[in-house]
Structures are given as structure tokens and as C-alpha cells.
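Working notes for the structure below.
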Amino acid sequence: MWKLGNKQLNSRLLIGSALYPSPAIMCDAIRQSGSEVVTVSLRRQNPGEGGGNDFWQQIRELELNVLPNTAGCHSVKEAVTTAMMARELFDTHWIKLEVIGDDYNLQPDPFGLLEATKELIDQGFEVFPYCTDDLVLCQKLVELGCNILMPWGSPIGTGQGLLNPFALKTLRERLPDTTLIVDAGIGLPSHAAQAMELGFDGVLLNSAVALAQDPVTMAKAFGQSIEAGRSANLAGAMPARDIAAPSSPVVGQPFWHQK
């Protein structure tokens with residue numbers, strides 16, 4: 001068990017609900033992943049205006065914790081307005097905050113992110129900010145009152161994995177009391193396991209499952225990899241060495257001499 005915001009959860013995988021070949025495959029994949037948190041975007045389909053009613057009904061039937069996000073928002077005003085709508089529609093104070101600063105790599109706008117975070121925390125939200133792996137930015141988000149941070153592994157949808165493990169490891173070491181979830185860029189179960197091995201509390205992903213040839217099987221693989229990575233972190237890795245060292249003992253072994 002672990003605590004995410006005010007919720008006690010078993011799975012450390014958070015999963016998205018976009019890009020799947022069909023709603024049925026989406027539901028099957030999410031169930032197979034074992035995830036207890038699903039992210040949804042109001043900007044894709046607005047339930048308040050009757051858009052995508054079937055989709056929203058299927059999300060409700062999953063009976064999971066919903067984490068609305070402000071995907072596609074490019075300004076503080078857009079993001080705050082979307083968050084307010086989400087709280088009203090889903091009866092949750094959770095919000096995954098995205099304020100996009102660049103359309104090419106979808107990097108978050110650090111200045112807009114800080115401004116929107118402050119406003120939403122003042123409004124009583126539990127803000128899950130999607131951010132880069134910049135230590136100073138993350139520290140300032142924590143100073144504003146964020147208990148959870150979601151730094152990227154690499155740009156959204158690239159599947160490149162953890163491009164800067166050093167920066168992520170630094171975040172883990174410098175922010176030991178903050179819940180850290182790698183969000184964006186995860187492409188393979190091994191990437192997710194690596195994040196967990198670094199000591200991160202969880203992983204959020206979408207494209208790696210939804211765009212797989214078999215999303216349901218891939219979702220299961222990610223659930224397993226996150227458990228493996230977490231167990232490896234708790235077990236403690238052997239130290240890396242510069243020279244080879246035999247795993248079998250040599251004491252007591254006979255020596256053979258050639259004549």
C-alpha cells in the first residue's frame with residue numbers, strides 16, 4: 001500500500017485513457033494494468049456538453065480514481081478554468097496540471113506552471129504538476145505547497161524513456177519527502193522499471209500502452225515491471241565495479257598443473 005494524495009492505493013501505475021483503438025480495448029487494458037488511477041482530459045470530450053457520453057460512462061464503470069488533466073492548455077487562464085470545470089464534473093480536488101509552453105516538444109511552461117499552481121492550491125486543489133526534471137523548478141513547486149510532482153522522463157509521446165537519469169536521481173535525493181511520479185516519455189516496461197529502481201513512487205503513462213500492437217498485454221507488462229522495479233529498489237542494488245569479480249568461490253578449489 002502507498003498513499004497518493006488522500007488515497008490509499010496498491011498499484012503504483014497511473015494510466016491514461018486516450019488513443020486506444022476502441023473503448024473496449026481501453027477498458028480491458030486499464031483493468032489488466034492493475035492501475036487504480038486513470039487520467040482523463042476534458043478538452044478532448046466535454047461531458048458537461050454531452051460530448052462523448054459513452055466514453056464517460058465507461059470511465060465511471062471502471063470504478064477507479066479519476067485524475068482529470070488540463071492537457072492542451074497553453075495559458076494559466078485556460079488551465080485554471082479547465083481545472084474548475086473538472087472539480088465540478090468529477091467531484092474531485094485532484095488535478096494533473098499541464099501548461100504547455102512549446103508546441104514542438106510539448107515542454108511545460110515553467111512560469112505559467114508556477115502561477116497556475118499557486119492559484120489552484122489557493123482554491124483548494126491537490127495539484128499534480130507535469131513539469132520538467134529541473135531541480136529549481138521542482139523545489140519552487142514544493143515551496144508553493146505541492147505534495148506530488150510529475151517530472152517527465154522525456155517529451156510526451158516520444159517513448160524515449162529516461163533521457164536524464166542523473167537529473168531524476170537528483171530530484172529523488174533532494175526531495176525525499178515529496179511524492180515523485182515519472183510522467184511522459186515512457187515507451188517500454190524496462191523504462192518504467194528503471195524509474196522505480198531510482199526510487200520514484202510511481203509512473204504515469206498512456207501512449208506506450210494505447211499504441212502498442214496489443215495494448216491489453218502491454219498494460220499487464222507495465223504493471224509487472226513497476227512491481228519489479230519497486231522491489232529492486234527496496235532490495236538495494238549491488239555496487240557497480242570497474243573490474244570483474246568471480247561469483248563462485250575459488251578457495252579450496254584444486255589447482256591443475258600441466259606437465
Contacts under 3.5 angstrom, residues 182-195 side chains, donor-acceptor by atom type, not counting sequence neighbours:
{"unit_1": "Asp183", "atom_1": "OD2", "unit_2": "Lys96", "atom_2": "NZ", "d": "3.0"}
{"unit_1": "His191", "atom_1": "ND1", "unit_2": "Gly187", "atom_2": "N", "d": "3.0"}
{"unit_1": "His191", "atom_1": "ND1", "unit_2": "Leu188", "atom_2": "N", "d": "3.1"}

* Taking only residues at least two apart or on different chains, which pairs with a member in residues 116-142 satisfy ring-ring contact (aromatic ring centres under 6.0 Å, His included)? ->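 Qualifying pairs, neighbours excluded: Trp94-Phe128.
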Going by the salt bridge (Lys or Arg N to Asp or Glu O under 4.0 Å) test, which pairs reach into [range], not counting sequence neighbours?
range            : value
residues 136-158 : none
residues 99-121  : Lys118-Asp122
residues 202-231 : none
residues 170-179 : Arg172-Asp201

* **Results of side chain to side chain donor-acceptor pair (under 3.5 Å) for Ser11 - residues two or more places apart only** =>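 So Ser11 forms no side chain to side chain donor-acceptor pair (under 3.5 Å) with any residue.
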* Mind listing the closest non-hydrogen atom pair of Pro155 and Asn105 along with its distance? =>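 Closest heavy-atom pair between Pro155 and Asn105: CB-O, 3.5 Å.
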* State, to 0.1 Å, how close Gly5 and Glu126 come at their nearest heavy-atom pair, and which atoms those are. =>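 Minimum heavy-atom separation between Gly5 and Glu126: CA-OE1, 3.9 Å.
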* **Over 12 non-hydrogen atoms of neighbours within 6.0 angstrom of CD in Glu61** =>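 Counting other residues, nucleotides and ligands, CD of Glu61 exceeds 12 neighbours.
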* Is the number of heavy atoms from other residues, nucleotides or ligands within 6.0 Å of CG (Asn6) greater than 12? ->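 Enclosed: over 12 neighbouring heavy atoms sit under 6.0 Å from CG of Asn6.
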* Asked: So do Ile226 and Arg12 actually touch side chain to side chain, heavy atoms under 4.5 Å?
  -> yes
* Within-4.5 Å side-chain heavy-atom neighbours: Pro151 and Thr132 -> no
Set of residues satisfying side chain to side chain contact (heavy atoms under 4.5 Å, CB included) with respect to [X], sequence neighbours excluded:
X      : answer
Met238 : Arg241
Lys3   : Gln8
Ile181 : Trp2, Leu4, Leu14, Ile148, Met150, Thr179, Leu204

* Dump the intermediate steps for side-chain contact (heavy atoms from CB on, under 4.5 Å) on Leu113 and Leu97, then the final yes or no. => CA-CA 8 Å; Leu113 185 64; Leu97 178 61; 3.8 Å; yes
* Consider only side-chain heavy atoms of I, L, V, M, F, W and Y, link residues closer than 4.5 Å, and tell whether Met85 and Ile100 are in one cluster. =>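 Each belongs to a different hydrophobic cluster.
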* **Cluster check Leu137, Phe111: I/L/V/M/F/W/Y, side chain < 4.5 angstrom** => no
Residues 15-24 side chain polar contacts: donor-acceptor under 3.5 Å, at least two apart:
{"unit_1": "Ser17", "atom_1": "OG", "unit_2": "Thr39", "atom_2": "O", "d": "2.7"}
{"unit_1": "Tyr20", "atom_1": "OH", "unit_2": "Gly16", "atom_2": "O", "d": "3.1"}
{"unit_1": "Ser22", "atom_1": "OG", "unit_2": "Ile25", "atom_2": "N", "d": "3.2"}

* Give the C-alpha distance, both sets of side-chain angles, the deciding distance and a yes or no for side-chain contact (heavy atoms from CB on, under 4.5 Å) between Ile30 and Leu62. => CA-CA 8 Å; Ile30 291 172; Leu62 289 170; 3.9 Å; yes
* To do: Any chance you could lay out the side-chain contact (heavy atoms from CB on, under 4.5 Å) test for Val37 and Leu9, step after step, and finish with the verdict?
  => CA-CA 9 Å; Val37 178; Leu9 305 174; 3.7 Å; yes
* Structure fact -> With sequence neighbours left out, the residues meeting ring-ring contact (aromatic ring centres under 6.0 Å, His included) with Trp152 are none
